[in-house]
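These figures come from a predicted structure and were not determined experimentally. Start at 1 and go down the list; that is how both ligands and their atoms are numbered.
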Amino acid sequence: MSIRTVIRGGLVVTAADELHADVLIEDGRVVALAAHGSDAAAAWTADRTIDATDRYVLPGGVDAHTHMELPFGGTSASDTFETGTRAAAWGGTTTIVDFAVQSVGQALREGLDAWYAKADGNCSIDYAFHMILSDVNEHSLKEMDKLVQEGITSFKLFMAYPGVFYSDDGRILRAMQRSADNGGLIMMHAENGIAIDVLVEQALARGETDPRYHGEVRKALLEAEATHRAIQLARVAGAPLYVVHVSAEEAVAEIATARDKGLPVFGETCPQYLFLSTDNLAEPGFEGAKYVCSTPLRPKEHQAALWRGLRTNDLQVVSTDHCPFCFVGQKDLGRGDFSKIPNGLPGVENRMDLLHQAVVDGHISRRRWIEIACATPARMFGLYPKKGTIAPGADADVVIYDPHAVQTLSAETHHMNVDYSAYEGKTVTGQVETVLSRGEVVIDQRKYVGHAGHGTFVPRSTCQYLN
Ligand code: URP
Ligand code: ZN
Ligand code: ZN
């Protein structure tokens with residue numbers, strides 16, 4: 001039976017507009033918006049009315065970079081699709097794009113099928129996949145074409161992690177050439193992993209084993225160099241390029257230079273680079289391990305360039321790179337050797353709130369918040385306007401957001417399956433109150449009422465951000 005829902009009295013915020021409008025939802029989709037108090041809105045009848053007075057009505061967040069259950073660093077990311085998508089919903093995210101992994105020697109098909117199986121029946125919200133290419137060869141290049149047809153339209157390559165995910169420049173060029181033909185978008189982990197491994201070896205030989213050395217060996221210049229090289233390779237191939245988890249000012253500058261030339265080069269940063277720094281990596285004892293991720297956290301001075309990039313559209317997307325490892329039993333694999341600390345941070349639940357805090361702090365506008373967290377990730381990865389906006393025909397993925405609530409982020413209260421918060425004790429203004437996914441209530445006035453299996457796989461079109 002089709003349920004009609006009306007959301008009344010809120011401020012609807014999209015990337016394009018801010019409207020005092022009521023929203024009519026039927027069959028899981030947005031049917032109409034009408035000015036609050038208008039005759040048209042007053043005439044709507046509904047099975048369920050949600051009062052959004054003094055609240056924002058937002059499109060559900062689209063987190064285009066997560067790693068649920070990723071086997072990595074001798075262990076696996078601690079959020080499953082079940083726990084991770086539930087936590088995402090708590091934080092106002094209603095779509096994730098996770099990374100299926102091709103291991104060396106494996107076909108893309110095998111890796112992708114494993115990811116379908118992990119997610120199937122377990123997700124509270126909708127999900128899609130990118131594909132990590134770890135073994136670029138004749139077979140996997142042909143498979144890329146098939147995946148694009150199947151709705152897996154983006155491929156991550158690594159210039160880092162030799163022996164694990166790393167591809168050399170020749171393989172990268174071949175994959176880029178293929179994507180130029182088939183419409184896939186290449187996503188690049190841009191760090192010079194070969195040079196970094198030399199610096200890791202030298203640091204360990206000097207007895208520099210603490211977590212803070214992770215930040216020192218993974219130099220900003222080696223992120224900038226790889227970003228520059230990736231851009232030139234993409235240019236040669238005639239392919240667009242999306243650089244993931246940009247953290248260094250010098251890397252932003254490379255992207256800005258490319259964009260000033262009119263090249264289709266895009267950049268993503270993450271909340272950890274906007275709110276955390278090498279000060280966290282240097283926390284006493286082994287605490288810094290909580291903040292080990294790659295690219296690494298940078299000195300605070302880099303943050304201004306990231307915020308500026310987000311304002312000037314040199315950076316287009318904020319994703320989480322959610323890849324949680326528990327402090328006890330996982331991060332501590334690297335006690336006495338920082339290079340053995342599993343790389344990754346939790347954050348899928350915190351992104352919308354942290355970016356709202358950026359609105360409160362004056363870094364970005366309210367509409368830019370929704371643009372970088374909802375609309376542009378949806379456009380970039382072929383999900384728009386089904387996802388990322390509130391408009392007739394869009395999926396009714398809607399967040400009722402209280403912009404005045406004050407909350408303190410903590411592992412005591414978060415819902416991610418990880419034993420610490422990267423933002424422990426941080427107070428932010430704004431909180432998710434109610435979340436709908438395709439018209440079904442998942443979070444109701446801060447109670448989880450969703451269920452694993454509601455979320456379905458969403459095939460994606462090719463990048464919609466190019467024109
Ligand atoms: O440290 C990180 N970012 N872990 C996840 C894997 C990746 O490179 O995105
Ligand atoms: Zn990466
Ligand atoms: Zn990642």
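- Panel note: side chain D397, backbone G60; no donor-acceptor pair is recorded below 3.5 Å.
- Shown here are the protein N/O/S atoms lying under 2.8 Å from the Zn ion (ligand 3), water excluded: H65 NE2, H67 NE2, D321 OD1.
- Under a cut-off of 6.0 angstrom, the local environment of NZ in K340 is sparse, with at most 12 non-hydrogen atoms contributed by other residues, nucleotides or ligands.
- Note on ring orientation: taking the six-membered ring where Trp is involved, the planes of H130 and F381 are perpendicular (angle over 60°, cut-offs 30° and 60°).
- If you check the side chains of D135 and S140, you find no donor sitting under 3.5 Å from an acceptor.
- Within a 6.0 Å sphere centred on CZ of R229, other residues, nucleotides and ligands contribute more than 12 heavy atoms.
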Just distance, no hydrogens or angles: give the donor-acceptor pairs under 3.5 Å from side chains in residues 194-205, sequence neighbours left out.
none

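- Near ligand 1, H65, H67, F72, K156, F158, Y161, H189, H245, C293, S294, D321, C323, N343, G344 each place a heavy atom less than 4.0 angstrom from the ligand.
- In this structure, the salt bridge (Lys or Arg N to Asp or Glu O under 4.0 Å) partners of D113, at least two apart in sequence or on a different chain, are R109.
- Under the side chain to side chain donor-acceptor pair (under 3.5 Å) rule, N192 has a single partner from E225, E223, K219, R218, which is E225.
- Judged by distance alone, the side chain of R368 and the main-chain N or O of L310 form a donor-acceptor pair under 3.5 Å.
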